[in-house]
Amino acid sequence: MSNFPSVNQERKEKPDRFGVHRVKDKSITLPQSASILDNTLPIFNNEILISVERLNIDAASFVQMEKQTRGNVKKIGELVLKNCRIKGHQQNEVTGSGGMLVGTIQQIGSKYKGPLKLKVGDRVATLVSLTLTPLHLDQIKSVNLNTHQIEASGHAILFETGIAAKIPNDLPEPVSMALFDVAGAPATVFNTLRKNQSLLVIGAGGKAGTLSCVAGRKKVGPRGKVFAIEPNPKMARELKSLKVCDEVWSIDAIHPLAVRRMVDRATHGKLCDVVINVASVPNTEVSALMSARLTGKIIFFSMATSFTKVALGAEGISSSAQLLFGNGYYPNHADFVVQLIRENHPLKKLFVNRYSS
């Protein structure tokens, strides 16, 4: 366990609200762009200190590490420990992405003026990426290949501009963590769609995709259409059981012509009003582009997305669809996703079964 300082112990240097004072690179930059962050204690007077209990690694990053280590949980843990030891934060060297964490607030700086109304002892989930969160880990206790969650001990530091949410009392902690990790996706889908429109979700069986399907159905209503692509048979069955999708297609989205044929058939050639891509693997960009009507909107919400492929792909097929890039945050997204699961019992049951084990 990290040795936490007294609650009265703080650094005297003048801190920056964005966390620039924690950047150890030679050039001045924001924490998310930094190669190395200072993860040492004590905290500055505008920071929050969190005792770390669990990490939720984002899907693209975890899949990459799983492939690199051939599913060896010990080696995955070692990669995360190495990142935090060398970089001071968790950022995948290949995907550039991180995740988020759950822990207990140990200390709040005496001059903290951020947006969070929290107190010492509150159990929270951070809603900012691990890539910009100073993180020191003492130990990796376990790695779960199914949930992409890692039990760990150590400490993390939240800047004045960072956000976090209290863990709901009525949901298991791993479930809350899974929800908050991707809360921006369903919130963005809900606020992008209009009633009676059509939605396609690529990578629909994962947590972001499943929540996006449920949010989409809630917004478009019974006369709207929700289509889903999920090649994993088990996840496809689970998604179908929620009865929010008009069709679930077990095809691989790396094949854009096959995807286009399915969308053409299902929409009678009209294509979809909104497409969201939350696939955790690369090379699915063009499938999203070819599925949206020219006046439609396409949301790219995966860290596996190549923005070069998106831009050149849209140009190559003469698509004028509006391209949107989800950034993981949407106003009140944490409250939205908690309410979404509370009001949908089959969804809650699915997430409890999947992420509580």
Side-chain angles (χ1 to χ4, degrees), residues 56 58-59 100 125 127 163 165 168 170-171 175-230 235-236 238-249 253 263 266-267 272-280 288 291-292 296-303 305 322-355:
N56 194 110
D58 81 279
M100 43 81 75
L127 300 178
I163 52 176
D170 60 333
L171 294 173
V175 173
S176 298
M177 203 168 185
L179 291 174
F180 291 147
D181 181 43
V182 297
T188 300
V189 165
F190 185 82
N191 286 280
T192 302
L193 279 166
R194 296 197 302 271
K195 189 175 181 181
N196 299 331
Q197 284 192 324
S198 57
L199 168 71
L200 171 66
V201 181
I202 298 175
K207 49 184 181 285
T210 300
L211 292 168
S212 294
C213 289
V214 174
R217 173 55 67 193
K218 180 178 180 180
K219 187 61 175 281
V220 303
R223 295 179 62 186
K225 297 292 183 181
V226 178
F227 305 111
I229 293 177
E230 177 49 58
M235 287 185 168
E238 291 175 342
L239 184 58
K240 289 177 182 178
S241 72
L242 298 179
K243 298 180 179 179
V244 295
C245 298
D246 293 275
E247 296 185 34
V248 178
W249 304 323
V263 176
T267 63
C272 292
D273 296 295
V274 176
V275 177
I276 182 170
N277 188 336
V278 290
S280 59
S291 300
K297 297 179 180 180
I298 309 171
I299 308 166
F300 291 94
F301 223 98
S302 168
M303 290 297 103
T305 300
Q322 185 177 359
L323 305 179
L324 305 173
F325 299 100
N327 67 1
Y329 172 74
Y330 199 94
N332 302 313
H333 63 327
D335 293 337
F336 174 81
V337 77
V338 170
Q339 182 59 32
L340 195 68
I341 199 171
R342 282 174 175 164
E343 66 188 20
N344 190 311
H345 180 71
L347 175 65
K348 182 177 180 179
K349 183 179 179 181
L350 171 58
F351 267 63
V352 169
N353 290 340
R354 184 185 291 181
Y355 297 107

In the structure I gave you, are the side-chain heavy atoms of Ile341 and Val175 within less than 4.5 Å of one another anywhere?
yes
Once salt bridge (Lys or Arg N to Asp or Glu O under 4.0 Å) is applied, do any residues pair with Lys297, and if so which ones, sequence neighbours excluded?
none
Run Met177 and Met100 through side-chain contact (heavy atoms from CB on, under 4.5 Å) and show every step you take.
CA-CA 8 Å; Met177 203 168 185; Met100 43 81 75; 3.7 Å; yes
N/O donor-acceptor pair under 3.5 Å between Asn332 side chain and Asp335 backbone
no
Closest heavy-atom pair, His333 versus Ile163, reported as atoms and distance to 0.1 Å, is CE1-CD1, 4.3 Å
Is there a side-chain contact between Val263 and Trp249 (heavy atoms, below 4.5 Å)?
yes
Nearest atoms (heavy-atom pairs only) where Lys207 meets Arg354:
N-NH1, 4.1 Å
Enumerate the ring-ring contact (aromatic ring centres under 6.0 Å, His included) contacts for residues 184-205, please, sequence neighbours excluded, ordered by first and then second residue.
Phe190-Phe336
Checking Ile202 against Ile276 for the side-chain contact (heavy atoms from CB on, under 4.5 Å) test, could you report, in this order, the C-alpha distance in whole Å, the side-chain angles of both residues, the deciding distance, and whether it holds?
CA-CA 6 Å; Ile202 298 175; Ile276 182 170; over 6 Å; no
Spell out, as yes or no, whether a donor-acceptor pair under 3.5 Å connects the side chain of Thr210 to the backbone of Gly205.
yes
Please report the shortest heavy-atom distance between Leu211 and Leu340, naming the atom on each side.
O-CD2, 3.8 Å
Can a donor-acceptor pair be found, under 3.5 Å and without considering hydrogens, that links the side chain of Arg217 to the backbone of Lys243?
no
Check this for me: Arg194, atom CZ, are more than 12 non-hydrogen atoms of other residues, nucleotides or ligands nearer than 6.0 Å?
no
Does Thr305 have any side-chain contact (heavy atoms from CB on, under 4.5 Å) partners at least two apart in sequence or in another chain, and if so, which?
Glu285, Phe300, Ser302, Phe307, Val310
Is there a side-chain contact between Ile299 and Val274, using heavy atoms and a 4.5 Å cut-off?
yes
Rounded to the nearest 0.5 Å, what separates atom CD1 in Ile298 from atom OG1 in Thr192?
12.0 Å
Can you check whether Val226's main-chain N or O pairs, donor with acceptor, with Asp246's side chain at less than 3.5 Å?
yes
What pairs of donor and acceptor atoms, side-chain ones from residues 180-188 against any protein atom, are under 3.5 angstrom apart with sequence neighbours left out?
unit_1: Asp181; atom_1: OD2; unit_2: Asn56; atom_2: ND2; d: 2.9
unit_1: Thr188; atom_1: OG1; unit_2: Gly184; atom_2: O; d: 2.7

For the pair Asp170 and Arg342, evaluate side-chain contact (heavy atoms from CB on, under 4.5 Å) and give the outcome as yes or no after the intermediate values.
CA-CA 9 Å; Asp170 60 333; Arg342 282 174 175 164; 2.9 Å; yes
Ignoring hydrogens, what is the shortest heavy-atom contact between Ala165 and Leu127? Give both atom names and the distance.
CB-CD1, 4.0 Å
State, to 0.1 Å, how close Leu199 and Ser212 come at their nearest heavy-atom pair, and which atoms those are.
CD2-O, 3.9 Å
Begin from the C-alpha positions of Leu242 and Leu347 and carry the test side-chain contact (heavy atoms from CB on, under 4.5 Å) through to its verdict.
CA-CA 7 Å; Leu242 298 179; Leu347 175 65; 4.2 Å; yes
For Lys348 and Glu343: C-alpha separation, side-chain torsions, deciding distance, then whether salt bridge (charged side-chain N to carboxylate O under 4.0 Å, His left out) applies.
CA-CA 8 Å; Lys348 182 177 180 179; Glu343 66 188 20; over 6 Å; no
Which atom of Thr267 lies closest to which atom of Cys272, heavy atoms considered
CG2-SG, 4.2 Å
Here the gap from Lys349 atom NZ to Ser241 atom OG, rounded to the nearest 0.5 Å, amounts to 8.5 Å
Separation between CG (Asn344) and CD (Gln339), nearest 0.5 Å, reads 11.0 Å
Restricting to pairs with a member in residues 202-225, which pass ring-ring contact (aromatic ring centres under 6.0 Å, His included), not counting sequence neighbours?
none
Heavy atoms from other residues, nucleotides or ligands near NZ of Lys225 exceed 12 (cutoff 6.0 Å)
no
Atom CG of Asn196 and atom CG of Asp273: how far apart are they, to the nearest 0.5 Å?
10.0 Å
For Asn327, side-chain contact (heavy atoms from CB on, under 4.5 Å) partners two or more places apart:
Tyr329
